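Below is one structure, written out as structure tokens, with a few remarks after it.
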Amino acid sequence: AGFNMMGKSHPIMQKYGKCEFTLGLHAEIHCTLGVAADDLFNSDMLVCRLHKNNLLAMAKPCHICQHFLADVGIKQIWFTNQNGEVEKLV
């Protein structure tokens, strides 16, 4: 499991893009740190966001995270959308 760490950046974030999205460590990348490449390759990922009211919210990975996840071989990415439903990233 990973979570956003907005006060802390990571070299991976800097490698994949120079924009406002690189100011912190995103949950999608955080949860892959320390995981063997063989374990990531051909796997699926579910990204979800929980509001303070315990309702699911939009958690679509940004373009930096999408690029990184493709590079490490994540096969399918699922995320919660603005309606609290799980959607497949295409």
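Residues take their numbers from the sequence shown, with the count starting at 1. None of the values given here were measured: they were computed from a predicted structure.
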Exercise for the section: Look at the side-chain heavy atoms of Ile, Leu, Val, Met, Phe, Trp and Tyr, link any pair under 4.5 Å apart, and say whether Val35 and Phe41 land in one connected group. Expected result: no
Problem - Heavy-atom check, side chain of Gln66 versus side chain of Glu28, under 4.5 Å - result: no
Problem - Minimum heavy-atom distance between His30 and Gly2, given as atom pair plus value - result: ND1-CA, 3.3 Å
Handout entry: Hydrophobic cluster identity match, Leu46 and Phe79, side-chain contacts under 4.5 Å
Key = no
Practice task
Work out which heavy atom in Leu40 is nearest to a heavy atom in Ile74; give both atom names and the distance.
Solution key: O-CD1, 3.7 Å
Exercise for the section: Tell me, please, which residues at least two apart from Phe68 pass ring pair (Phe, Tyr, Trp, His ring centres under 6.0 Å). Expected result: Tyr16
Handout entry: Within one Ile-Leu-Val-Met-Phe-Trp-Tyr cluster: Val86 and Leu50, side-chain cutoff 4.5 Å
Key = no
Practice task
Looking only at non-hydrogen atoms, find the nearest pair between Val47 and Ala59 and report the distance.
Solution key: CG1-O, 3.3 Å
Practice task
Calculate, to the nearest 0.5 Å, the distance between atoms NZ and CG belonging to Lys75 and Asn42 respectively.
Solution key: 5.0 Å
Problem - Inter- and intrachain pairs under side-chain hydrogen bond (donor to acceptor under 3.5 Å, both in side chains), touching residues 76-90, at least two apart - result: Gln76-Lys88, Asn81-Glu85, Asn81-Glu87
Exercise for the section: Give the other cluster members for Leu55, using side-chain heavy-atom distances under 4.5 Å between Ile, Leu, Val, Met, Phe, Trp and Tyr residues; answer none if it is isolated. Expected result: none
Problem - Asp38, CG atom: more than 12 neighbouring heavy atoms under 6.0 Å - result: no
Exercise for the section: Determine whether Leu56 and Ile77 fall in the same hydrophobic cluster, where Ile, Leu, Val, Met, Phe, Trp and Tyr are linked whenever their side-chain heavy atoms lie under 4.5 Å apart. Expected result: no
Problem - Contact check, side chains of Met45 and Cys31, non-hydrogen atoms, under 4.5 Å - result: yes
Problem - Check: Leu89 and Leu69 side chains under 4.5 Å, non-hydrogen atoms - result: no
